[in-house]
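Only one structure is covered here, and it is reproduced in the block below.
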Amino acid sequence: AVNPVWYQSRMWVSVDNNLFYSTGPDNAALLNILQNGVVAASFAGANFIPPDNAIIRSLPTSAGLLVETTGDLWLITGSDRSSFNPVKILAGHGIRNYNAMDVDGSTIWIYTSDRQFLMINASSGSMEVGFPIGGTLAATFDPALVYVARHIAGSLDNGCFIADGSAGWFRVNPNQVGASISGEPAPVWSPLA
């Protein structure tokens with residue numbers, strides 16, 4: 001089991017394309033299951049959700065449990081075994097390795113299996129911030145090897161980095177003041193370093 005996260009008072013882990021969750025606060029007697037006494041380590045056989053691709057990473061958020069597979073992004077909502085509801089929220093936007101995603105508050109930065117660099121926010125949807133350098137990313141950045149890192153050091157240093165895993169990286173300032181034609185903040189990319 002990999003990708004352990006704590007969500008809805010229970011432990012969640014993945015094995016290939018199965019997402020397992022512990023019994024947590026469920027009433028073991030009512031569910032007719034055996035619990036070993038430690039809710040985080042007691043997994044009932046029926047407590048799993050099978051997305052359609054291998055699970056790479058899980059991330060608890062206020063909107064639900066985000067589950068990133070090699071093919072899609074899922075959101076698990078609900079509070080117990082009877083109400084957990086998996087919904088595919090971004091089809092075709094999976095990731096190939098754990099490090100291809102980073103988080104800053106409610107914003108998720110990912111380099112997808114199909115070689116897009118996206119900024120995802122639950123309230124505003126997804127935006128392909130990598131579009132200006134998309135051809136270079138697609139030709140030289142392998143989704144199985146990339147690293148994505150969000151960095152903020154006050155107002156003076158604000159960026160997200162995408163590295164190819166061996167030789168270089170690009171940096172984007174997601175809100176460069178005056179970068180758009182209308183003078184509004186917009187993403188600005190730095191050259192390969």
Set of side-chain hydrogen bond (donor to acceptor under 3.5 Å, both in side chains) partners for S58, sequence neighbours left out | none
About how many Å separate OG of S14 and CG of N3, when rounded to the nearest 0.5 Å?
-> 3.5 Å
Can you measure from CG (D164) to CG (D142) and round to the nearest 0.5 angstrom?
-> 9.5 Å
Looking only at atom types and distance, does a side-chain atom of R115 sit under 3.5 Å from a main-chain N or O of A138, one as donor and one as acceptor?
-> yes
Applying the 4.5 Å side-chain criterion to the ILVMFWY set and letting contacts propagate, would Y111 and M127 be lumped into a single cluster?
-> yes
Contacts of type side-chain contact (heavy atoms from CB on, under 4.5 Å), residue S9, not counting sequence neighbours = P25
same_hphob_cluster(V103, I120) at 4.5 Å side-chain heavy-atom cutoff = yes
Hey, mind stepping through V5 and L65 against side-chain contact (heavy atoms from CB on, under 4.5 Å) and telling me if it holds?
-> CA-CA 9 Å; V5 295; L65 180 65; 3.9 Å; yes
Contacts of S62 meeting side-chain hydrogen bond (donor to acceptor under 3.5 Å, both in side chains) (sequence neighbours excluded), chain-then-number -> none
Sequence neighbours excluded, every pair satisfying ring pair (Phe, Tyr, Trp, His ring centres under 6.0 Å) that has a member inside residues 171-193 = F117-W189
Starting at CG of L75, measure out to CG of L90 and round the result to the nearest 0.5 Å.
-> 10.0 Å
Please name the pair of heavy atoms, one in N97 and one in P143, separated by the smallest distance, quoted to 0.1 Å.
-> ND2-O, 3.0 Å
Distance in Å, L73 CG paired with I110 CD1, rounded so as to fall on 0.5 Å steps = 6.0 Å
Co-members of V2 in a cluster of I, L, V, M, F, W and Y side chains, linked at under 4.5 Å = none
Report the residues that fulfil side-chain hydrogen bond (donor to acceptor under 3.5 Å, both in side chains) with T70, sequence neighbours left out, ordered by chain and then residue number.
-> none
Which pairs with one or both residues in residues 46-101 pass ring pair (Phe, Tyr, Trp, His ring centres under 6.0 Å), sequence neighbours excluded?
-> W12-F84, F20-F48, Y21-F84
All heavy atoms of P187 vs all of V172, minimum pair found to be CB-CG2, 3.9 Å
Pairs satisfying salt bridge (Lys or Arg N to Asp or Glu O under 4.0 Å), at least one member in residues 55-78, at least two apart = D72-K88
With T136 via side-chain contact (heavy atoms from CB on, under 4.5 Å) - residues at least two apart = T140, F170
Shortest non-hydrogen contact between G168 and L192, atoms and distance = C-CD1, 4.0 Å
Group every Ile, Leu, Val, Met, Phe, Trp and Tyr by side-chain heavy-atom contacts under 4.5 Å, then state whether F131 and F161 land in the same group.
-> no
Using atom types as modelled, flag every donor-acceptor pair under 3.5 Å from a side chain in residues 144-154 to any protein atom, sequence neighbours excluded.
from, atom 1, to, atom 2, distance (Å)
R150, NE, D104, OD2, 3.2
R150, NH1, N158, OD1, 2.5
R150, NH1, G159, O, 3.1
R150, NH2, D104, OD2, 3.4
R150, NH2, N158, OD1, 3.0
H151, NE2, D157, OD2, 3.1

With sequence neighbours excluded, residues passing side-chain hydrogen bond (donor to acceptor under 3.5 Å, both in side chains) with E128 | none
Those residues that, when tested against S83, pass side-chain contact (heavy atoms from CB on, under 4.5 Å) (two or more places apart) | S79, D80
Identify the two heavy atoms, one from A100 and one from I95, that lie closest to each other, and give their separation to 0.1 Å.
-> CB-CB, 4.2 Å
Establish whether L118 and F141 are linked, either directly or via other cluster members, by ILVMFWY side-chain heavy-atom contacts under 4.5 Å.
-> no
Test item: T112 side-chain N/O and Q116 main-chain N/O as donor-acceptor pair under 3.5 Å | yes
Taking every non-hydrogen atom, the tightest pair across A63 and T77 | O-CG2, 3.6 Å
Verify side-chain contact (heavy atoms from CB on, under 4.5 Å) between I108 and M119, making sure each step is shown before the conclusion.
-> CA-CA 6 Å; I108 300 166; M119 181 176 69; over 6 Å; no
Roughly how far apart are N17 CG and I49 CD1, rounded to 0.5 Å?
-> 12.5 Å
Calculate, to the nearest 0.5 Å, the distance between atoms OG1 and CG belonging to T69 and D16 respectively.
-> 12.5 Å
Look at the side chain of S22 and the backbone N and O of S42, then say whether any donor-acceptor pair between them is shorter than 3.5 Å.
-> no
